[in-house]
Every structure is written in structure tokens, then in C-alpha cells.
Amino acid sequence: MCEEPLSHRPLLLPQDLRGRLYDGFIRAQEKDFRIRVILPADLQLQNARLECSWQLKKVLHGYVHVVKQRLQQSQNLGSFMMELKTILDAALKSTNSIEASPAPQYYSSLVKDIETLGWDKLLFVDNEFSTIKLKMEDSSGRDHVVVVRLGAGYPYKAPDCCVDLPVAFSISWTPQTNIQDIYNQVLSTLESLKGFWDTLDEIDTKTWVLEPEKPTRSATMRRIAIGNNVSITIDLDPRHPNMLPECYFLGADHVVQPLKDKLNSNVHLWDPDVGLLQNLKDILEIDFPSKSDLKKSDFTMDCGICYAYRLDSAIPDQVCDDPHCAQPFHQACLYEWLNGLPSSRQSFNIIYGECPYCTKPITLKLLNKPF
Ligand SMILES: [Zn+2]
Ligand SMILES: [Zn+2]
């Protein structure tokens with residue numbers, strides 16, 4: 001068997017110990033193309049994923065089914081790569097190679113920009129090269145994703161940048177601005193929000209956050225469990241995360257009222273040099289239940305009428321005031337229940353009736369009718 005010269009063979013290097021990730025170049029028609037091969041956990045080649053540079057994607061456009069077929073039938077990664085090289089040779093010859101249609105300025109300058117930035121920061125690029133996703137890491141090690149949509153007017157019109165931020169963001173743009181500048185502008189915005197995210201990360205890791213269930217980086221609100229059916233909702237100012245945030249309590253009056261009183265009488269103790277969580281503990285004179293001792297379900301009691309926790313997006317935020325009962329209900333469920341009782345009466349926006357559980361008096365305030 002005649003061996004091909006080494007330089008003609010695709011050059012792929014394993015990137016991890018388990019042999020699932022390969023990175024390298026494939027050469028055809030005197031051109032090198034970047035390629036990555038990611039094997040599934042069972043290392044079966046049939047289910048491998050190929051990540052190609054955009055040039056390679058362009059050349060292989062129309063050959064996808066052939067590539068997939070070869071992937072199914074090849075004995076191993078080495079023989080597949082040789083097959084891929086053959087396909088690539090054929091594709092390049094038949095399309096008269098990408099040399100024949102030189103990449104417009106638009107593409108070449110973009111590729112140069114991304115090269116300067118580093119290919120490792122590129123998460124995704126579409127076939128038209130109009131949408132780019134960049135990966136960013138802030139100085140606290142948090143990952144962020146920037147989606148840049150270039151639009152037809154690029155570089156004369158500013159691209160559209162999407163980042164998950166709690167503040168408005170727009171890039172300052174001139175036709176000379178490049179991808180690296182966008183990256184730097186986003187990065188400095190991320191750094192300006194470091195305090196805000198540090199504060200919320202501490203709350204997310206040390207307390208039981210009941211809402212939002214999966215907070216995004218733009219979420220300024222957290223509802224934190226204080227105890228069974230008692231919680232505090234805080235809404236932070238992203239620019240001043242160490243200031244006293246807006247606070248609302250949720251729970252039965254006999255539990256919530258003392259907390260409100262503490263907040264009012266201790267508010268002067270708020271110390272912007274101490275973290276938000278510590279401030280809340282000091283001022284409310286409480287310890288938040290920690291994740292190590294309790295489960296989330298300890299704080300998320302189902303509605304006593306419909307026996308569910310979520311009703312559409314609502315949670316059971318109406319709690320019976322009787323300390324021995326303290327059964328939570330959804331507003332909508334309690335409204336229907338009280339409406340159906342002949343003994344209930346309504347005065348302005350308050351309905352007075354009996355708790356379905358303990359028959360003690362219960363009131364329902366119709367604030368903004370959520371149903
Ligand atoms: Zn309910
Ligand atoms: Zn009750």
C-alpha cells in the first residue's frame with residue numbers, strides 16, 4: 001500500500017484525555033481549512049459533530065449528505081478524514097475553488113477581526129456570516145454571550161448587539177469600529193456591573209431563591225425564602241447594588257408585620273460597605289434558611305384549593321393568617337372559593353370570608369386583578 005506524504009494528511013490533534021475532541025486542519029488544493037471533530041460520549045463516529053470554519057462550510061455546502069454518509073460508513077476517524085479530504089478536493093475543483101470568487105472586503109475584514117480577537121471567542125457564525133456569537137468572561141469568571149447581527153449596512157451602519165444585561169446597552173459606532181472594539185465595549189459594560197452580579201451570585205448560592213426559577217443575567221429581582229410560606233422580594237438597582245433595594249414581604253400578616261417593623265426601625269443600620277445579604281440579615285435580625293439544611297420544596301407549599309404550586313405563572317401568595325393554619329392559596333383559587341360562599345362579603349376591593357382549611361376569618365385583597 002502506498003503511503004501518502006505526511007504533509008497531505010489531515011492534521012488533527014486530540015484535545016482531551018478521553019479522545020472526544022479533535023482540533024486541526026484539513027488540506028486540499030493547497031489550502032488549509034480549520035476543523036474540529038467532537039465525538040459523543042460513546043465515541044461512535046456516526047454521531048460525531050463537525051465544526052468547520054466558515055470557508056470550509058462554504059466549500060462543503062451541497063455535500064453535506066455525502067459527508068454524513070461517509071461519517072456513517074467510515075471505520076475510524078483517520079479514514080473518515082481521508083474521505084473528507086477527497087470530497088473537499090472534488091468540491092474545490094468543481095466550484096472552481098473559492099479563489100475564483102474572492103471573498104468580498106466584508107468577509108475578509110471580518111475574518112481578520114475575529115482572528116485578532118481569537119477564534120476561541122467565537123461561539124457561532126451563520127452561513128451568511130451575518131450573525132456572530134461571541135463568548136466573553138468577566139473578571140469574576142462569569143460567562144456571557146454577545147450576539148452581533150451585522151446587517152446589510154455594515155460597517156457603515158452599527159451592527160445590532162444583544163447581551164443579557166440589566167441595563168440598556170448600545171455600542172458607539174463609526175465605520176472604523178471593528179469586532180474587537182465591540183468586544184471591548186461590551187466587556188467594560190460587563191465590568192461596570194460586577195458589583196451587581198457579585199451581589200446576586202452570593203444570594204443565589206447562599207439562600208433559597210424561589211423566583212425567578214432560573215434567573216437570567218438581566219434579572220434584578222429575587223424572591224428569597226425566609227421560612228415556611230414567608231419570603232422577601234428584593235429588586236436591585238443594577239448601578240447601586242449595595243444600596244437598600246425595594247423590599248416586599250409575602251406571607252401571613254402575623255409573620256410579615258414584625259419583619260416590616262424591623263425593616264423600618266433598623267433601616268439606619270444599612271451599611272453600603274457590607275454586602276446586601278449581610279445587611280438584610282442584620283436589619284431583619286434573621287438568618288436565611290441555607291441550601292444545605294433545607295430543600296426548596298420546604299418553602300414552596302402547594303395551594304390548599306387546587307393542590308398545585310404554579311397556576312399559570314402565579315404562586316400561592318395568599319396565606320391564612322391563623323398561625324396554626326398558615327395554609328397558602330392562589331389569589332384566583334381563593335377568589336373563586338370565597339365568591340361561592342354565601343357567608344362571604346365584599347367591601348370595596350376586599351373580600352371577607354372563611355379559610356377553606358380552618359374556617360377562621362380570611363381576607364383577600366384584590367389589588368390588581370391577576371385573573
Ligand atoms: Zn390554587
Ligand atoms: Zn386557615
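Both ligands and their constituent atoms are indexed starting at 1 by order of listing.
In summary, K57 and E51 do not engage in a salt bridge, as defined by a charged side-chain N under 4.0 Å from a carboxylate O. With respect to the salt-bridge test (charged N to carboxylate O, under 4.0 angstrom), the residues D204 and R222 qualify.
Less than 2.8 Å away from the Zn ion (ligand 1), the protein contributes these N/O/S atoms: C303 SG, C306 SG, H330 ND1, C333 SG. Around the Zn ion (ligand 2), protein N, O or S atoms at less than 2.8 Å comprise C320 SG, C325 SG, C355 SG, C358 SG.
Within the structure, ring pair (Phe, Tyr, Trp, His ring centres under 6.0 Å) pairs that include any residue of residues 119-140 comprise W54-F129 (at least two apart or interchain). Pairs engaging residues 320-337 under the salt bridge (charged side-chain N to carboxylate O under 4.0 Å, His left out) rule: D322-K360 [sequence neighbours left out].
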Exercise for the section: Starting from the C-alpha separation in whole Å, work towards a yes-or-no answer on side-chain hydrogen bond (donor to acceptor under 3.5 Å, both in side chains) for D113 and T116. Expected result: CA-CA 5 Å; D113 277 1; T116 319; 5.2 Å; no

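The main-chain N or O of D302 is found under 3.5 Å from a side-chain atom of Q327 such that the two form a donor-acceptor pair.
Residues H330 and W337 keep their aromatic ring centres 6.0 Å or farther apart.
Using a 4.5 Å cut-off on side-chain heavy atoms (C-beta onward), L193 and L165 make contact. Side-chain contact check for R217 versus H144: some heavy-atom pair is nearer than 4.5 Å.
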